[in-house]
Amino acid sequence: MLIPSAVALCATVAAAETVLPGDVTFADGAIEQPLTDGAGDPDRGKEIMTSRGKGNCIACHQVEALSEAPFHGEVGPPLDYVGEYRSAAELRGIVANAKMTFEGSVMPAFYKTSGFIRPGDAYTGDAAPADLPPILTAQEIEDVIAFLQTLKDG
Amino acid sequence: GLAPIAWAGGPDDDELVINGDIEIVTETDAPAHLEELDTIYSGWRFRTDETQALQLDDFDNPGMIFVDQAMDSWGTVEGTEGKSCAACHGDDPAESMTGVRAVYPKWNEDAGEVRTLAMQINDCRQNQMGAEPYGYTSADMTAMEALISVQSRGMPVNVAIDGPAADTWEQGKEMYYTRYGQLELSCANCHEQNYGNYIRADHLSQGQINAFPTYRLKQAKLIQQHNRFQGCIRDTRAETFKPGSPEFVALELYVASRGNGLSVEGPSVRN
């Protein structure tokens, strides 16, 4: 079981240097400072974007580089080439809380833990626990950013 | 190659005539109160041809089995008063129940409340028959609603939103635009802003309830509108409301009113 222990180790290291959801500072919707000092892993980011319980980004976005995962939605714009015209800081801000960039966006905030109406405990329909975790961890956000940055022409 | 996506661009152009006889209005002008939409559509228009076909003939509609079951319940004596539905409403529900589904939820003057069809059925069971109420979304209840809906198929939904129902309607409207849960999504975000678009593998409809109860192929059973509301709110990572709760009654009145002018269609078939 090499992989799980490696992941656990990363998580411990990252936890020490994590910017908590309530401490994130936005400048024009962007977040300059990485949320952890562990580098983002684009392969993990790819998995997070397609897995239903995690980012499930393809529920709303079409991404050609993720075409092996079935069914891409059309609620949001296609994300091909987004790494070309958006900086890491802009992407971090959009994924953490898209409403800071696009007012009233239907895109959920993936790194936010308060200010919700009737928050639930994931997809159970029950009330959220008092210490509601963000949908994605700081490391998972960085992983997604790392993947989005690979979406460039050529 | 690309992942399977179908750029849907909205409802299809198919027409629904049940048994070659009952014409169903699946597209019409939005009611005056609904300023955000010009045209309203039944959810049937957003389903695949295969799913749509199951509603063309009652022999193919898996929801019709439950109509037959409810017909048995209709004539069954239950409770302390020794009565069946038929005892008061006659042997043939077509004679007493035609047009009823189309106007529910409806204000009940004596009770001083807005009643859904399910609430009225349980009121009759408890206060007229002395029988146990059905569970709000139980199989028996949903089947009885299907039996009553069938009597109004093809008639326009026409729920009243003014007078004493106005406060409940306002409450439902507010809920429709509230962004619930950790995903912060309202009914309107999906069913008003994005109908016609795919969200993952689902082709979003306007979330109308003219066609309830609905036989869901995925769940292989007949489901009621409050089950659907519960599922949609749960999917926003929210704490849901309970079926039969005052909140869902208000939401049902409001959602029903967004479909005023569409035909009563239940029991329908959806995926």
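A, B, ... follow the sequence lines: proteins, then strands. Residue 1 opens every chain.
- Contacts of A/Lys99 with chain B are made by side-chain atoms alone, with heavy-atom separations under 4.5 Å and no backbone atom involved.
- Listed options A/Thr124, A/Thr113, A/Val106 were ranked by heavy-atom pairs under 4.5 angstrom with chain B; first place goes to A/Val106.
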Q.
Run B/Ile199 and A/Phe71 through side chain to side chain contact (heavy atoms under 4.5 Å, CB included) and show every step you take.
A. CA-CA 9 Å; B/Ile199 187 161; A/Phe71 306 121; over 6 Å; no

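- With hydrogens and angles ignored, the 3.5 Å screen pairs a side-chain donor or acceptor of A/Arg118 with a backbone N or O of B/Glu239.
- Taking CG of B/Leu204 as the reference point, atom CD of A/Glu74 lies at 9.0 Å (rounded to 0.5 Å).
- For A/Ser114, no part lies under 4.5 angstrom from a heavy atom of chain B.
- Proximity to chain A is limited to the side chain of B/Gln193, based on heavy atoms less than 4.5 angstrom apart.
- Among A/Ile135, A/Ile58, A/Asp126, the residue with the largest count of heavy-atom pairs under 4.5 Å with chain B is A/Ile135.
- The neighbour count for B/Asp13 CG, taken as heavy atoms of other residues, nucleotides or ligands under 6.0 Å away, does not exceed 12.
- Atom CD of A/Glu103 has 12 or fewer heavy atoms from other residues, nucleotides or ligands within 6.0 Å.
- A 6.0 Å sphere centred on NZ of B/Lys106 holds no more than 12 heavy atoms belonging to other residues, nucleotides or ligands.
- With a threshold of 4.5 angstrom between heavy atoms, A/Ala122 approaches chain B through its backbone and through its side chain.
- Around atom CD of B/Glu174, no more than 12 heavy atoms belonging to other residues, nucleotides or ligands sit under 6.0 Å away.
- Exactly one residue among B/Arg237, B/Arg179, B/Gln182 makes a side-chain contact (heavy atoms from CB on, under 4.5 Å) with A/Phe116. That residue is B/Gln182.
- The environment of A/Gln33 atom CD is sparse: at most 12 non-hydrogen atoms of other residues, nucleotides or ligands sit within 6.0 angstrom.
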Q.
Using the rule given for side chain to side chain contact (heavy atoms under 4.5 Å, CB included), can you reason through B/Arg200 versus A/His72, listing the C-alpha separation, both sets of side-chain angles and the distance that settles it, and then say yes or no?
A. CA-CA 5 Å; B/Arg200 205 136 187 182; A/His72 295 200; over 6 Å; no

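- In this structure, the separation between CG on B/Asn194 and SG on A/Cys60 is 7.5 Å, given to the nearest 0.5 Å.
- At a 4.5 Å heavy-atom cutoff, B/Ser186 makes no contact with chain A through either its backbone or its side chain.
- Within 6.0 Å of CG in B/Asp38 there are 12 or fewer heavy atoms belonging to other residues, nucleotides or ligands.
- Within the 4.5 angstrom heavy-atom criterion, atoms from both the backbone and the side chain of B/Leu183 approach chain A.
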